[in-house]
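Along the sequence shown, residues are numbered consecutively beginning with 1. Side-chain atoms are counted along with the backbone in the values below, which use heavy atoms only and exclude waters and symmetry mates.
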Amino acid sequence: MVELEQSVLIRRPLDEVFALASDPKNDPDWSAVVEQVEATGPLGVGVHLIQRVHLLGRRAHVPVEVLEYVPPKRVVLRASIPHIQVMGWRLFEPTRDGTRVIFRTQARLSGLVSLTTPLFVRTARKHLEEDLGQLRRLLESAALPQPLQAT
């Protein structure tokens with residue numbers, strides 16, 4: 001089992017940060033890995049999504065399911081492709097200076113894919129850090145509409 005956690009402080013109110021960062025349909029706006037997302041409905045428990053991702057030089061369509069949706073505190077997602085199962089927590093905490101966003105990931109790699117675990121960890125950690133930095137820049141930018149609306 002691989003476990004990763006990365007956090008970032010975003011100098012914006014909790015509701016605005018949650019509106020953008022909780023919904024996987026917005027991931028292409030700030031994630032270098034996620035190219036497109038299609039959903040079966042509005043964000044909520046039981047919603048299924050398909051993410052088109054580009055990682056390690058390959059494109060894949062990844063089915064994602066929303067397991068928990070507790071505004072404005074957390075969203076829990078499960079993704080699964082052959083030999084890789086991922087649980088992801090998007091946690092949001094108000095702070096005096098804005099909002100702390102914590103992305104926690106647990107991944108289970110099996111079969112031959114498990115031989116790539118060190119590469120998977122390095123790549124996932126790098127992308128997670130870069131993506132949260134981009135999310136912070138997007139939310140803190142002057143170009144962001146006021147107030148941010150959930151999609």
Does the plane of the ring in F103 sit parallel, tilted or perpendicular to the ring in W30? Use 30° and 60° as the thresholds. perpendicular

S22 versus R90: any side-chain heavy-atom pair under 4.5 Å? no

Side-chain touch V17/P72, heavy atoms, less than 4.5 angstrom: no

Could you grab the distance from atom [atom1] of [X] to atom [atom2] of [Y], nearest 0.5 Å is fine?
X	Y	atom1	atom2	result
I10	L132	CD1	CG	7.0 Å
K126	Q6	NZ	CD	13.0 Å
T99	E93	OG1	CD	10.0 Å
K25	Q51	NZ	CD	11.5 Å
S141	R136	OG	CZ	11.5 Å
L67	W89	CG	CH2	9.0 Å

Examine [X] and [Y] and state if one hydrophobic cluster contains both, with Ile, Leu, Val, Met, Phe, Trp and Tyr joined whenever side-chain heavy atoms are less than 4.5 Å apart.
X	Y	value
I81	L77	yes
I50	V45	no
V37	M87	no

Please give me the minimum heavy-atom distance between [X] and [Y], naming the atom from each residue.
X	Y	result
F92	A21	CE2-CB, 3.6 Å
R100	I102	CG-CG1, 3.8 Å
R137	E130	NH2-O, 4.1 Å
V47	P42	CG2-O, 2.9 Å

Under 3.5 Å, side-chain donor or acceptor atoms of residues 59-66 against the rest of the protein: list the pairs with distances, not counting sequence neighbours.
{"unit_1": "R59", "atom_1": "NE", "unit_2": "E35", "atom_2": "OE1", "d": "3.0"}
{"unit_1": "R59", "atom_1": "NE", "unit_2": "E35", "atom_2": "OE2", "d": "3.1"}
{"unit_1": "R59", "atom_1": "NH2", "unit_2": "E35", "atom_2": "OE2", "d": "2.9"}
{"unit_1": "E65", "atom_1": "OE1", "unit_2": "R78", "atom_2": "NH2", "d": "2.6"}

Expected output: side-chain T105 to main-chain G88 donor-acceptor under 3.5 Å: no

Of all residues at least two apart in sequence or in a different chain, which pass the side-chain contact (heavy atoms from CB on, under 4.5 Å) check with [X]?
X	value
A107	V2, V86, L109, F120
P94	L14
R74	E68, V70, V76, L91
Q36	E38, R52

Under the side-chain contact (heavy atoms from CB on, under 4.5 Å) criterion, do L49 and T40 qualify, and how do the steps go? CA-CA 6 Å; L49 308 112; T40 59; over 6 Å; no

Report the residues that fulfil salt bridge (Lys or Arg N to Asp or Glu O under 4.0 Å) with D131, sequence neighbours left out, ordered by chain and then residue number.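 Residues passing salt bridge (Lys or Arg N to Asp or Glu O under 4.0 Å) with D131: none at all.
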
